[in-house]
**Student:** 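Okay, handing you the structure first.
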Amino acid sequence: MQIGLLTDSLSTLTRAEALDTAAELGIETVEIGLGGPHGGWSPAPHADLAELLADPGARAGLQRDITSRGLRLEALNAAGNPLHPVNGAADDHILRSALQLAEEFEVDTVVAMSGLPAAPGDRFPAWITTVWPPENLELLDHQWSVAVDYWGRIADEARRRGVRLAIEMHANQLVYSVPGLLRLREAVGDTLGANFDPSHLMWMGADPIAAIGALTGAIHHVHAKDTRIEDRAAVASRLETTPNERTGERAWNYVAVGTGHSGGVEFWAAFVDALRDAGYSGPLSIENEDYTLGQRESVALAVDTLQRARSAATVTG
């Protein structure tokens, strides 16, 4: 498995600076976020979507910037909510554009999220996580109907373009856990699989290693991202609405890989072994959202942890 980087993790750097840093740290592959002012959730600090779509020279320039540093472009990230009643059209445009660009770049993976529809007539979606009150399940049935119809069409387009869809299991999305991912995959086909990010499963209480096993053959991409459960969770629970930047007040925090609740290199070695057993051999794409460290420091810690974990997994695997 290669060590990769979602370059949004170095969003304060220019594209040249971010790619130089990646090469200096020993990163092998990069994932580029798309969106920014055009929609979606990536700040898109290193790629202008409109320019890439319109200008073959811009596409060639991005590819050259990556390969000249010994790196490889391995995925495009189009995270957003294409099912949103207000912003969905913009996020759908990002996703479909990412599929087009992936075909142009001969990249086989687009990372996305499932999205979450609203009830008919509403302007905001509701994330259903309990069976009560009874209207919850009525809305959930509606959400699944909308999602299956939409992702069936997107999967058909991805298939035609020779691209896989890697759906990240994330809070406030219809697909936030393994059963949901497998349900959507069964409905639309195996072009759709998981972007396996353990950090979200950690705070929701799932076991990432068990989750990998349950997704054998269905993991298309991996984000290396860690979570630390804080002492406050014992009283406040793991449901958290305090902004991410206020780290000292939260029940859990995203942290540099190897510094979280997971237990350091030993956990990440087991993580690599589990991925290998599940049939995954692609990149471990670092995603940094640690608000307590500088971006370069956090990414460097992640690289060191993953390099040591990969070596340990090779010995024990």
**Student:** So, taking the atom named CD1 in Ile167 and the one named NE2 in His220, what distance separates them when rounded to the nearest 0.5 Å?
**Tutor:** 9.0 Å
**Student:** Does Ser298 reach the side chain of Tyr291, with side-chain heavy atoms less than 4.5 Å apart?
**Tutor:** no
**Student:** Between Asp290 and Ala256, is there a donor-acceptor pair closer than 3.5 Å when you use the side chain of the first and the backbone of the second?
**Tutor:**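 Between the backbone of Ala256 and the side chain of Asp290 there is a qualifying donor-acceptor contact (under 3.5 Å).
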**Student:** Run the side-chain donor-acceptor check on residues 4-13: report pairs under 3.5 Å with partners two or more places apart or on a different chain.
**Tutor:**
unit_1	atom_1	unit_2	atom_2	d
Thr7	OG1	His46	ND1	2.9
Asp8	OD1	Ser42	OG	3.4
Asp8	OD2	Ser42	OG	2.6
Ser9	OG	Leu6	O	2.9
Ser9	OG	Ile286	O	3.4
Ser9	OG	Asn288	N	2.8
Ser11	OG	Gln295	NE2	3.0
Thr12	OG1	Gln295	OE1	3.0

**Student:** So does Arg161 pair up with Glu157, basic N to acidic O under 4.0 Å?
**Tutor:** yes
**Student:** Assess the residue pair Glu230 and Arg228 against the criterion (salt bridge (charged side-chain N to carboxylate O under 4.0 Å, His left out)); give the C-alpha distance rounded to whole Å, side-chain angles, the decisive distance to 0.1 Å, and a yes or no.
**Tutor:** CA-CA 6 Å; Glu230 310 291 5; Arg228 182 175 61 239; 2.9 Å; yes
**Student:** Go through the side-chain N and O atoms of Thr227 and Asn253 and say whether any donor and acceptor fall under 3.5 Å apart.
**Tutor:** no
**Student:** Counting C-beta onward and ignoring hydrogens, is there a side-chain heavy-atom pair between His84 and Leu116 closer than 4.5 Å?
**Tutor:** no
**Student:** Check whether any side-chain N or O of Asp91 sits under 3.5 Å from a backbone N or O of Gly39 as a donor-acceptor pair, and report yes or no.
**Tutor:**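 No; judged by distance alone, with no hydrogens or angles, the pair does not exist.
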**Student:** So how far is it from Phe124 CZ to Asn87 CG, rounded to the nearest 0.5 Å?
**Tutor:**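 So the CZ of Phe124 and the CG of Asn87 are separated by 9.0 Å.
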**Student:** Measuring from atom NE2 of His221 to atom CZ of Arg164, what distance do you get when rounded to the nearest 0.5 angstrom?
**Tutor:** 9.0 Å
**Student:** Walk me through it: do Asn195 and Thr109 pass the test side-chain contact (heavy atoms from CB on, under 4.5 Å)?
**Tutor:** CA-CA 10 Å; Asn195 171 48; Thr109 305; over 6 Å; no
**Student:** Hey, are Lys225 and Glu168 close enough for a salt bridge, meaning a charged N less than 4.0 Å from a carboxylate O?
**Tutor:**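 Salt bridge: no.
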**Student:** Would you call Pro125 and Asn81 a side-chain contact if the rule is heavy atoms closer than 4.5 Å?
**Tutor:** yes
**Student:** Check whether Ser145 reaches the backbone of Asp141 with its side chain - one donor and one acceptor, N or O, closer than 3.5 Å.
**Tutor:** no
**Student:** Are the side chain of Arg250 and the backbone N or O of Arg246 linked by a donor-acceptor pair below 3.5 Å?
**Tutor:** no
**Student:** Walk me through whether Thr21 and Glu24 qualify under side chain to side chain donor-acceptor pair (under 3.5 Å).
**Tutor:** CA-CA 5 Å; Thr21 299; Glu24 291 165 6; 4.6 Å; no
**Student:** Can you tell whether the side chains of Glu28 and Arg72 come within less than 4.0 Å, N to carboxylate O?
**Tutor:** no
**Student:** Measure from NZ or CZ of Arg153 to the centre of the six-membered ring of Trp151 and say whether it is under 6.0 Å with the direction within 45° of the ring axis.
**Tutor:**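 Here Arg153 fails the 6.0 Å and 45° test against Trp151.
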**Student:** Considering only NZ, NE, NH1 and NH2 on the basic side and carboxylate oxygens on the acidic side, decide whether Asp304 and Arg308 come within less than 4.0 Å.
**Tutor:** yes
**Student:** Would you mind checking if Glu186 and Arg183 are paired as a salt bridge, meaning a charged N to carboxylate O distance below 4.0 Å?
**Tutor:**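 No salt bridge links Arg183 with Glu186.
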**Student:** Hey, does Met169 have a side-chain heavy atom less than 4.5 Å from the side chain of Asp197?
**Tutor:** no
**Student:** For the residue pair Phe105 and Leu62, establish whether any side-chain heavy-atom pair is separated by less than 4.5 Å.
**Tutor:** yes
**Student:** Taking the side chain as C-beta and beyond, is there a heavy-atom pair between Arg276 and Met1 under 4.5 Å?
**Tutor:**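 Yes, close enough: below the 4.5 Å cut-off.
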**Student:** Apply side chain to side chain donor-acceptor pair (under 3.5 Å) to residues Ser285 and Glu31 and explain how you reach the verdict.
**Tutor:** CA-CA 7 Å; Ser285 187; Glu31 172 186 352; 2.7 Å; yes
**Student:** Identify whether the distance between the nearest side-chain nitrogen and carboxylate oxygen of Glu240 and Arg238 falls below 4.0 Å.
**Tutor:**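 Not counted as a salt bridge, because no side-chain N and carboxylate O are separated by less than 4.0 Å.
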**Student:** Report yes if some heavy atom in the side chain of Ile154 is under 4.5 Å from a heavy atom in the side chain of Leu99; otherwise report no.
**Tutor:** yes
**Student:** Would you compute the distance between atom CD of Gln143 and atom CG of Leu137 and round it to the nearest 0.5 angstrom?
**Tutor:**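 The distance works out to 11.0 Å.
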**Student:** Are side-chain heavy atoms of Leu52 and Leu34 found at a separation under 4.5 Å?
**Tutor:** yes
**Student:** Nearest 0.5 Å, please: how far is CD1 in Ile32 from CZ in Arg15?
**Tutor:** 7.5 Å
**Student:** Ignoring hydrogens and geometry, is there a side-chain-to-backbone donor-acceptor pair from Ser114 to Leu174 under 3.5 Å?
**Tutor:**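 Indeed, once roles are kept as given, a pair shorter than 3.5 Å links the two residues.
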**Student:** Ion pair present between Asp92 and Arg96, side-chain N to carboxylate O less than 4.0 angstrom?
**Tutor:** yes
**Student:** Do Met202 and His200 pass the side-chain contact (heavy atoms from CB on, under 4.5 Å) test, and can you show the C-alpha distance, the side-chain angles, and the key distance before you say yes or no?
**Tutor:** CA-CA 5 Å; Met202 287 173 181; His200 311 300; over 6 Å; no
**Student:** Are Val257 and Val255 connected, step by step, through hydrophobic side chains (Ile, Leu, Val, Met, Phe, Trp, Tyr) whose heavy atoms are closer than 4.5 Å?
**Tutor:** no
**Student:** Go through the side-chain N and O atoms of Arg159 and Thr191 and say whether any donor and acceptor fall under 3.5 Å apart.
**Tutor:** yes
**Student:** Parallel, tilted or perpendicular for Trp127 and Tyr176, by the 30°/60° rule?
**Tutor:**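 Because their plane-to-plane angle is over 60°, the rings of Trp127 and Tyr176 count as perpendicular.
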**Student:** Between the side chains of Gln100 and Ser97, does any donor sit under 3.5 Å from an acceptor?
**Tutor:** no
**Student:** Run the numbers on Trp203 and Tyr254 for ring-ring contact (aromatic ring centres under 6.0 Å, His included), then give the verdict.
**Tutor:** CA-CA 9 Å; Trp203 75 257; Tyr254 296 129; 8.2 Å; no
**Student:** So, taking the atom named CD1 in Ile66 and the one named CG in Leu71, what distance separates them when rounded to the nearest 0.5 Å?
**Tutor:** 7.5 Å
